[in-house]
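Below is one structure; the comments refer to it alone.
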Amino acid sequence: MKITRFQRAAVTVVAAVALPLALTSCSSDDGKDTKSESSSAAEDTAAPEETADDAAGDTADAPFGPACASVPKTGPGSFDGMGQAPVATAASNNPELSTLVAAVKKAGLVDTLNTAENITVFAPTNDAFAKIPKADLDAVLADKAMLTKILTYHVVGEKLAKKQLESGTYDTLQKTTLTTAGSGDAYKVNDAASVVCGNVPTANATVHIIDTVLMPK
């Protein structure tokens, strides 16, 4: 009987000592796992930071100007649609450029523009052509040599980004030069025509749509 009581007492003491140690160990392991999981979750959900240069680059490459709002959101005449076609074909999908397209066809320049590489076209709108007295416009459209001279003056042999429009003088396919100036979203060509929708993409050219027809120097 004495031995039995002694044994029971010893078991009780061992259990009393072991239980707090086991609880401490469990608590320590649980805390370590929770902290690790929290740290891992924070790392997984952290979004990559966009640099100022990245944001500026996106803005610089995007179409700009008040007339851009009238461009269809989908279809061949949208920015995405025009971006898939060479420049003369892309322009034909934009109803605001129908007079220009008709002039390009009369001058026989469709293939020239569609097969050129890395060019900029300053494209006058229908309203730009409407500023020219009808008799004068009809005379130009009937004179292929003069029409070709005017249309090729609107084409620069390199792609001009928005930044390059701030101040520059560029050679045209007509073999003379034009100038650009401005800042922000406001730019002029030859201090006469305003860019109303710039940075319009096509497969082989950048198009800056303007509100006035340029006349060669």
Taking [X] for its side chain and [Y] for its backbone only, find out whether a donor-acceptor pair lies under 3.5 Å.
X: Tyr153; Y: Thr177; result: yes
X: Gln164; Y: Ala161; result: yes
X: Asp127; Y: Glu96; result: no
X: Lys131; Y: Asp211; result: yes
X: Asn114; Y: Ala88; result: yes

Do [X] and [Y] land in one hydrophobic cluster if side-chain heavy atoms of ILVMFWY residues count as linked below 4.5 Å?
X: Val189; Y: Val207; value: no
X: Val200; Y: Val110; value: yes
X: Leu97; Y: Leu137; value: yes

Would you say [X] and [Y] make side-chain contact, with heavy atoms under 4.5 Å?
X: Ile210; Y: His154; answer: yes
X: Leu100; Y: Val104; answer: yes
X: Met215; Y: Ile150; answer: yes

Next item on the list: Drop me the distance from Thr169's OG1 to Asn190's CG, to the nearest 0.5 angstrom.
Entry: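 Interatomic distance, Thr169 OG1 to Asn190 CG, rounded to 0.5 Å: 9.0 Å.
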Notebook entry, point to check: Nearest 0.5 Å, what's the CD1-CG distance between Ile209 and Asn94?
Noted result: 5.0 Å
Item checked: Aromatic centroids of Phe122 and His208 separated by under 6.0 Å ->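 Yes.
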Note to self: Below 30° counts as parallel, above 60° as perpendicular, anything between as tilted: where do the rings of Tyr187 and Phe64 land?
What the structure shows: perpendicular
Over all atoms of both residues, closest heavy-atom pair of [X] and [Y]:
X: Leu141; Y: Lys106; value: O-CD, 3.7 Å
X: Lys149; Y: Pro216; value: O-CG, 3.8 Å
X: Leu151; Y: Ala107; value: CD1-CB, 3.9 Å
X: Ala193; Y: Leu214; value: CB-CD2, 3.8 Å

Check: Of the options Asn199, Asp185, Asp61, which is the one that meets Lys162 in a side-chain hydrogen bond (donor to acceptor under 3.5 Å, both in side chains)?
Finding: Asp185
Notebook entry, point to check: Is the closest side-chain donor-acceptor distance between Lys159 and Thr120 under 3.5 Å?
Noted result: no
Notebook entry, point to check: Can you find a side-chain donor-acceptor pair between Ser98 and Asn126 that sits under 3.5 Å?
Noted result: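 The criterion, which ignores hydrogens and geometry beyond distance, is satisfied for Asn126 and Ser98.
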Margin query: Heavy-atom count check: over 12 atoms from other residues, nucleotides or ligands less than 6.0 Å from Glu117 CD?
Written below: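 Incorrect, the count does not exceed 12.
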